[in-house]
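Inspection log for the structure reproduced underneath, given as structure tokens.
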Amino acid sequence: MVYVSLDDSRGGVGAVEMRDTPIPDAAYVCPAAGLFDMMATGLLDFGRDIGVLGDGRPPPTVGFCFSFPCDQTALDAGVLLKLTKRFQNEGAVGKDPVAELRAAFARAGEPAANVVALLNDSVGTLAGGRYTDPAVELGVILGTGTNAAYVERAAAVPKLGAAAAACLRGGRVVVNTEWGGFADASLPTLAADRLLDAATPHAGEQLMEKQMSGMYLGEVARRLLEELASKGLLFAGRVPKRLAEPGALTTAHVARCDGDRSLTLSATASVLSAALGAASTSYLDRRLVRRVCHLVALRSARLFATAVAALLHQIGRDTVDTPPVAAAVDGGVFEHYALYRGYAAAALSDLLGKKAAAHVGLRRVRDASSRGAAFLAAAADHAEQQADGVAEPARALAVA
Ligand code: BGC
């Protein structure tokens, strides 16, 4: 959750307050109303704690960063098309998330909370990144899930129709690509990918995400190691019990093994012992485990770079002949896995050529998605106030 107030300069921010709230396990499976209640009460508590809500203050302007595929029908309305990642909340799909959040605010005793903008986290990242850096043309998420948004010519989006496209300021529109949902015969899969997919709550969906994002990299590695061990190629044919447990390896484990430069691969040994209960492993075992982890991360980074290059190509910014361009990238994998950032940059250079790639900045931006949601909400509210002749400073809360 974020609170921002903007000042009048471009890229200027008056005040920022943030709170990270961990998502409790129940939130993934409870009925939809419970999920929205959690968001509404969390935001209200935060607003009261930082002193921008309560005691007769005017109700807050709220930006709602909702990280799922939606059919957006207005700045403040849409229809949830599907849930992804671990979320399986009954009664959410097909509804307007903004109407659901408003109802939750009403149940929490704040019926006047003014939700002015609904946006995907990739769009929030684009807005948050671009607010401070005009070179930013892509907003990318590489965390639990993955996605990207970019600015497109409205005329290039057939579903908008000519009349709607003509109304858009500057003739441009933000496209949320939902690239995590890419699934095509050109995306090669391994047996481990297919087994992983079948065991997820949304089997058959988000296939590229399942090869790329933080929720899955540990699990891909675990399944590959399980396959090697069951063929007698690892751990002298003894399959450690926990190697068969979904979730036993995380992306953080993959990063740790991949980055293990010790002589005896001691970091890999301690991951295998702590995560899988494999206490005595040989050097060759550890080398193979490190290699598998490296390849899982490398495949993800190459997909990431390919998707970034495709979007740059789409907007004609993949050459040296145009000004430098940047992608704002938010999310834990990109933030914490330094080697990964190197693989992504190298893959982009392979794809675009060294010179063109040197024109592309992959900017790590923490919390850009929620900040961007607050910026957009504050800007939307400010525009409305100006139209009404009111000149309050632009400020907003965002729930993400
Ligand atoms: C969702 C996207 C979201 C991404 C990152 C994906 O699973 O479909 O809407 O942007 O995760 O949170």
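The first residue of the sequence shown is numbered 1, and numbering continues consecutively from there. Basis for what follows: all heavy atoms, side chains included, without hydrogens, waters or symmetry-related copies. Both counts, for ligands and for their atoms, begin at 1 and track the order of listing.
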- Show the numbers, then the answer: is there a side chain to side chain contact (heavy atoms under 4.5 Å, CB included) between Asn89 and Cys30? CA-CA 5 Å; Asn89 311 89; Cys30 67; 3.8 Å; yes
- Task: Start with the C-alpha distance between Asp121 and Ser67, add both sets of side-chain angles, then the distance that settles side chain to side chain donor-acceptor pair (under 3.5 Å), and finish with yes or no.
- Result: CA-CA 5 Å; Asp121 51 354; Ser67 308; 3.1 Å; yes
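Contact shell of ligand 1 (protein heavy atoms, cutoff 4.0 Å): Ser67, Phe68, Pro69, Thr84, Lys85, Asn120, Asp121, Ile141, Gly145, Thr146, Asn147, Glu178, Gln206, Glu209.
Under the 4.5 Å side-chain heavy-atom criterion for grouping Ile, Leu, Val, Met, Phe, Trp and Tyr, Trp179 is not connected to Phe68 through any hydrophobic cluster.
Closest of all the heavy-atom pairs between Ala328 and Thr125 is O-CG2, 3.4 Å.
In this structure, Tyr131 and Phe375 have tilted ring planes: the angle between them lies in the 30° to 60° band.
The cationic group of Arg86 lies under 6.0 Å from the six-membered ring centre of Tyr28 and within 45° of the ring axis, placing it in a cation-pi geometry.
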